[in-house]
Amino acid sequence: MLGWLEDQIGAWRNRWVGRASFRDWAGRFWLTRPMARREAARLFDLCAGFIYSQVLLAIVRLELIAFLSAGPATTSAIAAHAQLPEENAECLLAAAAALDLLHRRADGRWQLGALGAALQDNAALLALIRHHAVLYEDLTDPVSLMKGDGRDTRLAAFWRYAGQPATAAKAPPDVVRAYTELMAATQPLVTQQILGAVPLAGRRTLLDVGGGNGTFLAAVAKRHPHLELMLFDLPGVVALAARNLEDAGVADRVRLVGGSFHDDALPDGADTVSLVRVLHDHDDAAALALLTRIRASLSPGGWLILAEPMAAAPDAARMGHAYFGIYLHAMGSGRPRTVQENKDLLQKAGFRAIRVRPTAVPLQVQVLVAEAGTDPTRVEI
(Lines give C-alpha, C1' and ligand atoms only; values in the text may rest on other atoms or scores of the structure.)
Protein backbone atom coordinates (compact mmCIF):
# COMPACT_ATOMS: atom_id res chain seq x y z
CA MET A 1 0.00 0.00 0.00
CA LEU A 2 2.76 2.41 0.95
CA GLY A 3 4.64 1.67 -2.27
CA TRP A 4 1.52 2.33 -4.36
CA LEU A 5 0.89 5.61 -2.52
CA GLU A 6 4.50 6.69 -3.03
CA ASP A 7 4.19 5.93 -6.75
CA GLN A 8 1.02 7.99 -7.06
CA ILE A 9 2.39 10.98 -5.16
CA GLY A 10 5.63 10.90 -7.16
CA ALA A 11 3.78 10.67 -10.47
CA TRP A 12 1.47 13.56 -9.50
CA ARG A 13 4.40 15.79 -8.46
CA ASN A 14 6.44 15.03 -11.58
CA ARG A 15 3.45 15.57 -13.86
CA TRP A 16 2.84 19.08 -12.51
CA VAL A 17 6.48 20.15 -12.12
CA GLY A 18 7.18 18.92 -15.65
CA ARG A 19 4.71 21.41 -17.12
CA ALA A 20 6.18 24.74 -18.23
CA SER A 21 2.83 26.44 -17.56
CA PHE A 22 2.84 25.26 -13.94
CA ARG A 23 6.45 26.40 -13.39
CA ASP A 24 5.55 29.81 -14.82
CA TRP A 25 2.51 30.07 -12.54
CA ALA A 26 4.49 28.95 -9.47
CA GLY A 27 7.13 31.59 -10.16
CA ARG A 28 4.49 34.35 -10.19
CA PHE A 29 2.17 33.24 -7.36
CA TRP A 30 3.24 34.90 -4.11
CA LEU A 31 2.87 31.77 -1.98
CA THR A 32 4.91 29.45 -4.23
CA ARG A 33 7.32 32.06 -5.61
CA PRO A 34 10.06 31.60 -2.93
CA MET A 35 10.06 27.82 -3.42
CA ALA A 36 10.08 28.14 -7.20
CA ARG A 37 13.03 30.53 -7.11
CA ARG A 38 14.91 28.31 -4.67
CA GLU A 39 14.41 25.20 -6.82
CA ALA A 40 15.42 27.09 -9.96
CA ALA A 41 18.62 28.20 -8.25
CA ARG A 42 19.36 24.62 -7.14
CA LEU A 43 18.91 23.35 -10.69
CA PHE A 44 21.14 26.09 -12.11
CA ASP A 45 23.81 25.28 -9.52
CA LEU A 46 23.83 21.71 -10.82
CA CYS A 47 24.28 23.02 -14.36
CA ALA A 48 27.07 25.38 -13.33
CA GLY A 49 28.77 23.16 -10.74
CA PHE A 50 31.71 22.18 -12.93
CA ILE A 51 32.45 25.85 -13.62
CA TYR A 52 32.33 26.60 -9.91
CA SER A 53 34.88 23.85 -9.26
CA GLN A 54 37.20 25.26 -11.93
CA VAL A 55 37.06 28.74 -10.39
CA LEU A 56 38.08 27.18 -7.09
CA LEU A 57 40.90 25.24 -8.75
CA ALA A 58 42.18 28.37 -10.50
CA ILE A 59 42.19 30.37 -7.26
CA VAL A 60 44.16 27.62 -5.52
CA ARG A 61 46.61 27.02 -8.39
CA LEU A 62 47.35 30.74 -8.64
CA GLU A 63 48.14 30.80 -4.90
CA LEU A 64 45.62 33.59 -4.31
CA ILE A 65 44.60 32.24 -0.90
CA ALA A 66 48.12 32.70 0.45
CA PHE A 67 48.56 36.02 -1.40
CA LEU A 68 45.39 37.55 0.06
CA SER A 69 46.05 36.11 3.50
CA ALA A 70 48.55 38.95 3.84
CA GLY A 71 45.78 41.52 3.38
CA PRO A 72 43.53 43.17 0.77
CA ALA A 73 44.94 43.83 -2.69
CA THR A 74 43.92 45.63 -5.88
CA THR A 75 43.01 43.89 -9.10
CA SER A 76 46.22 45.07 -10.71
CA ALA A 77 48.33 43.75 -7.83
CA ILE A 78 46.61 40.38 -7.99
CA ALA A 79 46.96 40.26 -11.77
CA ALA A 80 50.69 40.93 -11.45
CA HIS A 81 51.06 38.22 -8.80
CA ALA A 82 49.12 35.66 -10.87
CA GLN A 83 50.70 36.76 -14.17
CA LEU A 84 47.26 37.33 -15.72
CA PRO A 85 46.00 40.09 -17.96
CA GLU A 86 44.14 42.51 -15.68
CA GLU A 87 40.86 42.05 -17.55
CA ASN A 88 41.06 38.27 -17.09
CA ALA A 89 41.98 38.64 -13.44
CA GLU A 90 38.90 40.82 -12.91
CA CYS A 91 36.71 38.11 -14.46
CA LEU A 92 38.16 35.39 -12.22
CA LEU A 93 38.02 37.52 -9.08
CA ALA A 94 34.37 38.44 -9.67
CA ALA A 95 33.52 34.76 -10.15
CA ALA A 96 35.34 33.83 -6.94
CA ALA A 97 33.50 36.58 -5.07
CA ALA A 98 30.16 35.21 -6.29
CA LEU A 99 31.15 31.88 -4.69
CA ASP A 100 32.19 33.58 -1.40
CA LEU A 101 35.81 32.62 -1.94
CA LEU A 102 36.71 36.30 -2.21
CA HIS A 103 35.05 39.59 -1.29
CA ARG A 104 35.29 42.98 -2.99
CA ARG A 105 35.61 45.78 -0.45
CA ALA A 106 33.97 49.18 -0.80
CA ASP A 107 37.33 50.66 -1.84
CA GLY A 108 37.54 48.19 -4.74
CA ARG A 109 40.25 46.00 -3.25
CA TRP A 110 39.84 42.26 -2.80
CA GLN A 111 40.05 40.21 0.37
CA LEU A 112 39.28 36.61 1.28
CA GLY A 113 35.62 35.70 1.61
CA ALA A 114 34.25 33.33 4.23
CA LEU A 115 35.04 30.17 2.24
CA GLY A 116 38.40 31.45 1.07
CA ALA A 117 39.39 32.29 4.63
CA ALA A 118 38.57 28.70 5.64
CA LEU A 119 41.23 27.49 3.18
CA GLN A 120 44.01 29.35 5.02
CA ASP A 121 46.33 27.03 6.93
CA ASN A 122 44.43 24.10 5.42
CA ALA A 123 47.10 22.20 3.50
CA ALA A 124 44.98 19.04 3.43
CA LEU A 125 42.05 20.60 1.60
CA LEU A 126 44.30 22.58 -0.73
CA ALA A 127 46.09 19.35 -1.71
CA LEU A 128 42.75 17.67 -2.38
CA ILE A 129 41.56 20.56 -4.56
CA ARG A 130 44.73 20.38 -6.64
CA HIS A 131 44.39 16.61 -6.94
CA HIS A 132 40.83 16.95 -8.26
CA ALA A 133 42.25 18.14 -11.58
CA VAL A 134 42.94 14.46 -12.28
CA LEU A 135 39.28 13.58 -11.73
CA TYR A 136 38.11 16.51 -13.86
CA GLU A 137 39.97 15.08 -16.85
CA ASP A 138 38.12 11.77 -16.44
CA LEU A 139 34.82 13.64 -16.25
CA THR A 140 35.23 15.51 -19.52
CA ASP A 141 33.24 12.65 -21.05
CA PRO A 142 31.10 11.25 -18.21
CA VAL A 143 29.03 9.06 -20.52
CA SER A 144 32.12 7.19 -21.73
CA LEU A 145 33.24 6.85 -18.12
CA MET A 146 29.91 5.28 -17.14
CA LYS A 147 29.83 3.02 -20.20
CA GLY A 148 33.25 1.69 -19.31
CA ASP A 149 34.51 1.87 -22.87
CA GLY A 150 37.86 0.39 -21.92
CA ARG A 151 39.89 3.59 -21.79
CA ASP A 152 42.27 4.01 -18.88
CA THR A 153 41.27 6.76 -16.50
CA ARG A 154 43.68 9.24 -14.99
CA LEU A 155 42.51 8.30 -11.52
CA ALA A 156 43.10 4.61 -12.12
CA ALA A 157 46.66 5.44 -13.14
CA PHE A 158 47.15 7.64 -10.08
CA TRP A 159 45.80 5.06 -7.62
CA ARG A 160 47.42 2.24 -9.55
CA TYR A 161 47.73 -0.18 -6.66
CA ALA A 162 44.72 0.83 -4.57
CA GLY A 163 42.39 -2.13 -4.50
CA GLN A 164 44.46 -4.10 -7.01
CA PRO A 165 45.89 -7.14 -5.18
CA ALA A 166 47.70 -8.52 -8.23
CA THR A 167 49.70 -5.34 -8.88
CA ALA A 168 49.97 -3.82 -5.40
CA ALA A 169 53.43 -5.10 -4.54
CA LYS A 170 54.76 -4.27 -8.03
CA ALA A 171 53.71 -0.62 -8.12
CA PRO A 172 56.52 1.67 -9.34
CA PRO A 173 58.14 3.84 -6.64
CA ASP A 174 56.89 7.09 -8.20
CA VAL A 175 53.30 5.79 -8.14
CA VAL A 176 53.65 4.68 -4.53
CA ARG A 177 55.12 8.05 -3.60
CA ALA A 178 52.36 10.08 -5.27
CA TYR A 179 49.64 7.98 -3.64
CA THR A 180 51.26 8.10 -0.21
CA GLU A 181 52.02 11.81 -0.28
CA LEU A 182 48.42 12.72 -1.14
CA MET A 183 47.07 10.47 1.60
CA ALA A 184 49.49 12.01 4.08
CA ALA A 185 48.61 15.56 3.02
CA THR A 186 44.90 14.95 3.51
CA GLN A 187 45.28 12.87 6.70
CA PRO A 188 44.98 15.88 9.07
CA LEU A 189 41.38 16.29 7.86
CA VAL A 190 40.45 13.13 9.74
CA THR A 191 43.19 12.24 12.25
CA GLN A 192 42.13 14.43 15.15
CA GLN A 193 38.49 13.52 14.63
CA ILE A 194 39.32 9.82 14.89
CA LEU A 195 41.46 10.29 17.99
CA GLY A 196 38.77 12.42 19.58
CA ALA A 197 36.12 9.80 18.87
CA VAL A 198 37.88 6.64 20.09
CA PRO A 199 39.14 6.23 23.67
CA LEU A 200 42.47 4.41 23.54
CA ALA A 201 43.58 4.81 27.15
CA GLY A 202 42.83 1.16 27.96
CA ARG A 203 44.39 -0.32 24.83
CA ARG A 204 47.87 -1.83 24.68
CA THR A 205 49.06 -2.22 21.03
CA LEU A 206 47.70 -0.53 17.91
CA LEU A 207 48.35 -1.92 14.42
CA ASP A 208 47.56 0.48 11.55
CA VAL A 209 46.81 -1.62 8.45
CA GLY A 210 47.45 0.25 5.21
CA GLY A 211 49.08 2.92 7.34
CA GLY A 212 50.78 4.83 4.52
CA ASN A 213 53.70 7.02 5.52
CA GLY A 214 52.79 6.92 9.20
CA THR A 215 51.12 10.31 9.51
CA PHE A 216 48.22 8.82 11.51
CA LEU A 217 50.48 6.81 13.83
CA ALA A 218 52.74 9.82 14.40
CA ALA A 219 49.73 11.66 15.79
CA VAL A 220 48.70 8.63 17.85
CA ALA A 221 52.20 8.34 19.30
CA LYS A 222 52.14 11.93 20.55
CA ARG A 223 48.63 11.68 21.99
CA HIS A 224 48.97 8.21 23.56
CA PRO A 225 52.57 7.66 24.72
CA HIS A 226 51.61 4.39 26.46
CA LEU A 227 50.65 2.60 23.24
CA GLU A 228 52.89 0.19 21.37
CA LEU A 229 52.49 0.91 17.66
CA MET A 230 52.86 -1.10 14.45
CA LEU A 231 52.41 -0.09 10.81
CA PHE A 232 51.69 -2.55 8.00
CA ASP A 233 51.82 -1.54 4.33
CA LEU A 234 53.61 -2.32 1.09
CA PRO A 235 57.41 -2.41 1.37
CA GLY A 236 57.80 0.71 -0.75
CA VAL A 237 55.35 2.58 1.45
CA VAL A 238 57.03 1.37 4.64
CA ALA A 239 60.31 2.88 3.41
CA LEU A 240 58.58 6.26 3.13
CA ALA A 241 57.01 5.77 6.56
CA ALA A 242 60.42 5.17 8.14
CA ARG A 243 61.66 8.59 7.01
CA ASN A 244 58.45 10.37 7.97
CA LEU A 245 58.34 8.84 11.46
CA GLU A 246 62.01 9.71 11.95
CA ASP A 247 61.26 13.33 11.05
CA ALA A 248 58.33 13.30 13.49
CA GLY A 249 60.61 12.04 16.26
CA VAL A 250 58.62 8.87 16.92
CA ALA A 251 60.47 6.27 14.83
CA ASP A 252 61.49 4.36 17.97
CA ARG A 253 57.81 3.96 18.90
CA VAL A 254 56.65 2.25 15.71
CA ARG A 255 57.42 -1.23 14.41
CA LEU A 256 57.28 -1.25 10.61
CA VAL A 257 56.23 -4.37 8.70
CA GLY A 258 56.15 -4.56 4.90
CA GLY A 259 53.68 -6.71 3.01
CA SER A 260 50.37 -6.85 1.16
CA PHE A 261 47.25 -7.12 3.29
CA HIS A 262 45.69 -9.09 0.43
CA ASP A 263 48.27 -11.88 0.55
CA ASP A 264 50.62 -11.69 3.54
CA ALA A 265 50.00 -12.47 7.19
CA LEU A 266 49.25 -9.47 9.38
CA PRO A 267 51.58 -8.86 12.34
CA ASP A 268 50.28 -10.47 15.50
CA GLY A 269 50.21 -9.13 19.05
CA ALA A 270 47.88 -6.15 18.56
CA ASP A 271 44.73 -5.72 20.65
CA THR A 272 43.59 -2.87 18.38
CA VAL A 273 43.68 -2.54 14.59
CA SER A 274 42.97 0.69 12.71
CA LEU A 275 41.77 0.81 9.12
CA VAL A 276 41.77 4.47 8.06
CA ARG A 277 40.39 5.42 4.63
CA VAL A 278 41.20 1.98 3.22
CA LEU A 279 38.04 -0.13 3.02
CA HIS A 280 36.07 2.08 0.61
CA ASP A 281 38.86 1.66 -1.96
CA HIS A 282 37.90 -2.02 -2.29
CA ASP A 283 34.94 -3.88 -3.76
CA ASP A 284 32.81 -5.93 -1.39
CA ALA A 285 34.61 -9.27 -1.86
CA ALA A 286 38.07 -7.77 -1.24
CA ALA A 287 36.76 -5.66 1.63
CA LEU A 288 35.19 -8.67 3.34
CA ALA A 289 38.37 -10.72 2.84
CA LEU A 290 40.44 -7.97 4.47
CA LEU A 291 38.05 -7.64 7.43
CA THR A 292 38.09 -11.41 7.89
CA ARG A 293 41.90 -11.45 7.98
CA ILE A 294 41.91 -8.66 10.55
CA ARG A 295 39.32 -10.51 12.66
CA ALA A 296 41.49 -13.64 12.57
CA SER A 297 44.53 -11.65 13.76
CA LEU A 298 42.74 -10.33 16.85
CA SER A 299 42.19 -12.14 20.13
CA PRO A 300 38.72 -12.02 21.74
CA GLY A 301 38.07 -8.52 22.99
CA GLY A 302 40.32 -6.95 20.35
CA TRP A 303 39.08 -3.84 18.55
CA LEU A 304 38.92 -2.82 14.92
CA ILE A 305 38.65 0.92 14.33
CA LEU A 306 37.12 1.51 10.90
CA ALA A 307 37.35 5.17 9.89
CA GLU A 308 36.51 6.68 6.52
CA PRO A 309 33.94 8.87 4.73
CA MET A 310 30.67 6.96 4.47
CA ALA A 311 27.57 7.36 2.34
CA ALA A 312 24.47 9.07 3.78
CA ALA A 313 26.56 11.00 6.30
CA PRO A 314 24.58 13.41 8.51
CA ASP A 315 24.22 16.83 6.85
CA ALA A 316 26.16 15.53 3.82
CA ALA A 317 23.89 13.02 2.13
CA ARG A 318 25.00 13.99 -1.39
CA MET A 319 28.68 13.48 -0.68
CA GLY A 320 28.60 9.68 -0.55
CA HIS A 321 27.22 8.70 -3.94
CA ALA A 322 27.44 11.99 -5.86
CA TYR A 323 31.10 12.52 -4.97
CA PHE A 324 32.76 9.35 -3.65
CA GLY A 325 30.64 7.08 -5.83
CA ILE A 326 31.83 8.77 -9.03
CA TYR A 327 35.37 9.18 -7.72
CA LEU A 328 35.75 5.50 -6.85
CA HIS A 329 34.12 4.46 -10.14
CA ALA A 330 36.73 6.49 -12.02
CA MET A 331 39.41 4.97 -9.81
CA GLY A 332 38.22 1.53 -10.87
CA SER A 333 37.82 0.00 -7.44
CA GLY A 334 35.66 0.29 -4.33
CA ARG A 335 32.41 2.02 -3.55
CA PRO A 336 30.94 4.30 -0.87
CA ARG A 337 29.13 2.40 1.88
CA THR A 338 26.66 3.54 4.48
CA VAL A 339 27.24 2.90 8.16
CA GLN A 340 24.82 -0.02 7.98
CA GLU A 341 26.55 -1.53 4.95
CA ASN A 342 29.87 -1.39 6.78
CA LYS A 343 28.24 -2.95 9.84
CA ASP A 344 26.95 -5.77 7.64
CA LEU A 345 30.46 -6.46 6.32
CA LEU A 346 31.89 -6.40 9.83
CA GLN A 347 29.22 -8.82 10.99
CA LYS A 348 29.98 -11.23 8.13
CA ALA A 349 33.68 -11.03 9.05
CA GLY A 350 32.90 -12.17 12.61
CA PHE A 351 32.91 -8.93 14.60
CA ARG A 352 30.37 -8.08 17.29
CA ALA A 353 29.45 -5.10 19.47
CA ILE A 354 29.75 -2.76 16.47
CA ARG A 355 29.32 0.82 17.62
CA VAL A 356 29.28 4.21 15.92
CA ARG A 357 31.62 6.73 17.52
CA PRO A 358 30.42 10.29 16.71
CA THR A 359 32.86 12.61 14.94
CA ALA A 360 32.88 16.39 14.62
CA VAL A 361 32.52 16.46 10.84
CA PRO A 362 30.86 13.25 9.54
CA LEU A 363 31.30 14.48 5.96
CA GLN A 364 35.05 13.94 6.34
CA VAL A 365 35.06 10.77 8.42
CA GLN A 366 32.76 8.45 10.34
CA VAL A 367 34.07 5.90 12.81
CA LEU A 368 32.94 2.40 13.75
CA VAL A 369 34.53 0.38 16.55
CA ALA A 370 33.95 -3.38 16.31
CA GLU A 371 34.96 -6.03 18.82
CA ALA A 372 36.35 -9.47 18.07
CA GLY A 373 34.31 -11.96 20.09
CA THR A 374 34.83 -15.56 21.10
CA ASP A 375 31.95 -16.63 18.85
CA PRO A 376 32.22 -15.04 15.36
CA THR A 377 28.57 -15.98 14.64
CA ARG A 378 27.25 -13.91 17.57
CA VAL A 379 27.07 -10.25 16.61
CA GLU A 380 25.56 -7.42 18.61
CA ILE A 381 24.78 -4.26 16.69
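Nearest heavy atoms, Gln366 versus Pro314: NE2-CD, 3.6 Å. Closest approach of Ala313 and Met319 over heavy atoms only: CB-CE, 4.2 Å. A pairwise comparison of heavy atoms in Ala312 and Thr338 identifies CB-CG2, 4.2 Å as the closest pair. Annotation for Leu298 and Ala270: closest pair CD2-O, 3.5 Å, computed over non-hydrogen atoms. Counting all heavy atoms, side chain and backbone alike, Arg253 lies closest to Ala221 at NH1-O, 3.0 Å.
Ring planes of His224 and His226: perpendicular class, angle over 60° (limits at 30 and 60°).
Here Asp284 pairs with Arg337 in a salt bridge; the nearest charged N to carboxylate O distance falls below 4.0 Å. Ionic pairing of Glu371 and Arg295 is not present here: no N-O contact between side-chain nitrogen and carboxylate oxygen is shorter than 4.0 angstrom. Between Arg28 and Asp24, at least one side-chain N (NZ, or NE/NH1/NH2) sits under 4.0 Å from a carboxylate O, which counts as a salt bridge. Contact check on Arg243 versus Glu246 returns no salt bridge, with no Lys/Arg side-chain nitrogen under 4.0 Å from an Asp/Glu carboxylate oxygen. Arg130 has a carboxylate O that lies under 4.0 Å from a charged side-chain N of Glu63, or vice versa, which qualifies the two as a salt bridge.
Between Leu368 and Arg355 the shortest side-chain heavy-atom distance does not fall below 4.5 Å. Here the side chains of Asp208 and Phe232 are not in contact, with every heavy-atom distance at 4.5 Å or above. Looking only at side-chain heavy atoms (C-beta outward), Tyr136 and Gln54 come within less than 4.5 Å of each other. Side chains of Leu139 and Ile326 form a contact here, defined as non-hydrogen atoms less than 4.5 Å apart. Proximity of Leu206 to Glu228: side-chain heavy atoms (C-beta onward) are nowhere separated by under 4.5 Å. Within the 4.5 Å cutoff, side-chain heavy atoms of Leu275 are placed close to those of Val278. When side chains are defined from C-beta on, Leu64 counts as touching Ile78, because their heavy atoms get closer than 4.5 Å.
For the pair Arg105 and Trp110, the cation-pi criterion (under 6.0 Å, within 45° of the ring axis) is not fulfilled.
Side-chain rings of His280 and Tyr327 stay apart, their centers remaining 6.0 Å or farther from each other. A centroid separation of less than 6.0 Å is found between the aromatic rings of Phe261 and His282.
A side-chain N or O of Arg203 and one of Thr272 form a donor-acceptor pair less than 3.5 Å apart.
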